[in-house]
There are 2 protein chains.
Amino acid sequence: MWLHIDPRSEVPLYQQVVDQVREAVARRWLQPGDRLPSVRELAIKLALNHNTVAKAYQELEREGLIETLRGRGTFVAERKPRTASPEDLAWIEQQIRQLLIAAHHLGLEPETWLELAGRVVARWREPEGGSS
Amino acid sequence: MWLHIDPRSEVPLYQQVVDQVREAVARRWLQPGDRLPSVRELAIKLALNHNTVAKAYQELEREGLIETLRGRGTFVAERKPRTASPEDLAWIEQQIRQLLIAAHHLGLEPETWLELAGRVVARWREPEGGSS
DNA sequence: CTATGTGTACCATGTTATACGGTACATATT
DNA sequence: AATATGTACCGTATAACATGGTACACATAG
């Protein structure tokens, strides 16, 4: 199971599920058509309430990443070709700036940060755990 | 006043204050020794409760960005030279990955994202609003 | 048809974070 | 003494989060 929940994190439990499915889809660990665990099944495995898992799935469907079929289950949706809008780009830029600020206060200057980002991008399509 | 609060944002009000002071310090719009508005003064200007502003200032002091002196006021602290720890680097990498995932779902591939990040870094030390 | 599994919609409860309003205290400056 | 500062309380209110339980609509397998 590639999903793991940290109950002591400040990140809401349903949000942790959303984040991890998002990552799995983005990195193609999950392919379109793949079936996700059922709401109740996943709730038991992660020791969560079924309502919490359902909330995560509903958020993911709202984003268009998954499709749910009554009585059948939940599946990874087809990836729709999409071009980032100017608003999207502005939002992404803002997020980058926020990260630059945080990195600066941790002692990482923008140029060094950019090198680090380059390395992360280079490792983008690798399996999961880089080293042992 | 460079501080502005959006009451309809999902970001907590005190967090908005923290973020903006963090940015002002990181980008040297505020210099060490500069005095920040008093808790009550800022509370009135931003239409916040004094407790909310105080919470923001206490968070900023906890991070070492500002210093508070009883009866005197709140001031931007000296920047302490610091090297990012391995834990810090791991955290930053994780944040970068999260951003890459979000960008991907908006239609921005890692390589394009990296170019965008490069442009943001290039504009890092500019005043405030790039163009008109 | 029945039984089971699916997503979903409720309802109620409890916890926590956020934000407010008010008051009061310790300290520093004037 | 008067004022301004940060801070520490108290209480209240709202919203998000998470749980537990029940029930319904739909699909599939027997």
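All figures in this text were calculated on a predicted structure; none of them were measured in a lab. Note on naming: letters A, B, ... go to the chains in the order of the sequence lines (proteins, then strands), and numbering restarts at 1 for each one.
In this structure A:T52 satisfies the side-chain hydrogen bond (donor to acceptor under 3.5 Å, both in side chains) test with no other residue, sequence neighbours excluded. Remark: B:A24 engages B:W2, B:W29, B:L30 in a side chain to side chain contact (heavy atoms under 4.5 Å, CB included) (not counting sequence neighbours). Every residue two or more places apart in sequence or in another chain that forms a side chain to side chain contact (heavy atoms under 4.5 Å, CB included) with B:L114 is listed here: A:L114, A:A117, A:V121. Residues meeting the side-chain hydrogen bond (donor to acceptor under 3.5 Å, both in side chains) test with A:E78, sequence neighbours left out: none. The salt bridge (charged side-chain N to carboxylate O under 4.0 Å, His left out) test applied to A:E115 returns no partner, not counting sequence neighbours.
Salt-bridge formation is not detected for the pair B:E67/B:K80: no Lys NZ or Arg NE/NH1/NH2 atom is positioned less than 4.0 Å from an Asp or Glu carboxylate oxygen.
With a 4.5 Å cut-off between side-chain heavy atoms of Ile, Leu, Val, Met, Phe, Trp and Tyr, the cluster of B:F75 takes in B:L69.
Toward the 5′ end of DNA chain D lies the nearest nucleotide of B:L36, the other residue of the pair B:L36 and A:Q15 mapping further downstream.
Applying the salt bridge (charged side-chain N to carboxylate O under 4.0 Å, His left out) test to every pair with at least one member in residues 88-106 of chain B, sequence neighbours left out, gives these pairs: A:R123-B:E93, B:R82-B:D88, B:E93-B:R97.
With a 4.5 Å cut-off on side-chain heavy atoms, A:Q95 and A:W91 count as touching. For the pair A:Q20/A:H4, a side-chain contact is recorded, criterion being any heavy-atom separation below 4.5 Å from C-beta on.
Along DNA chain C, read 5' to 3', the first and last nucleotides having any atom under 4.0 Å from a heavy atom of chain B are C:dT18 to C:dT29. The span of DNA chain D lying next to chain A, judged by atoms under 4.0 Å from heavy atoms, is bounded 5' to 3' by D:dC17 to D:dT28.
Shown for residues 17-25 of chain B: no residue has heavy atoms falling under 4.0 angstrom of DNA chain C. Within a heavy-atom distance below 4.0 Å of DNA chain D, the residues of residues 57-71 of chain A found are A:R70, A:G71.
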With a cut-off of 3.5 Å and sequence neighbours excluded, list every side-chain donor-acceptor pair involving residues 10-19 of chain B.
| from | atom 1 | to | atom 2 | distance (Å) |
| --- | --- | --- | --- | --- |
| B:Q15 | NE2 | B:D19 | OD1 | 3.1 |
| B:Q16 | OE1 | B:D6 | N | 2.9 |
| B:Q16 | NE2 | B:D6 | O | 3.0 |
| B:Q16 | NE2 | B:V11 | O | 3.0 |
| B:D19 | OD1 | B:R22 | NH2 | 3.1 |

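Taken together through direct or relayed side-chain contacts under 4.5 Å among Ile, Leu, Val, Met, Phe, Trp and Tyr, A:L108 and A:V120 form part of one hydrophobic cluster.
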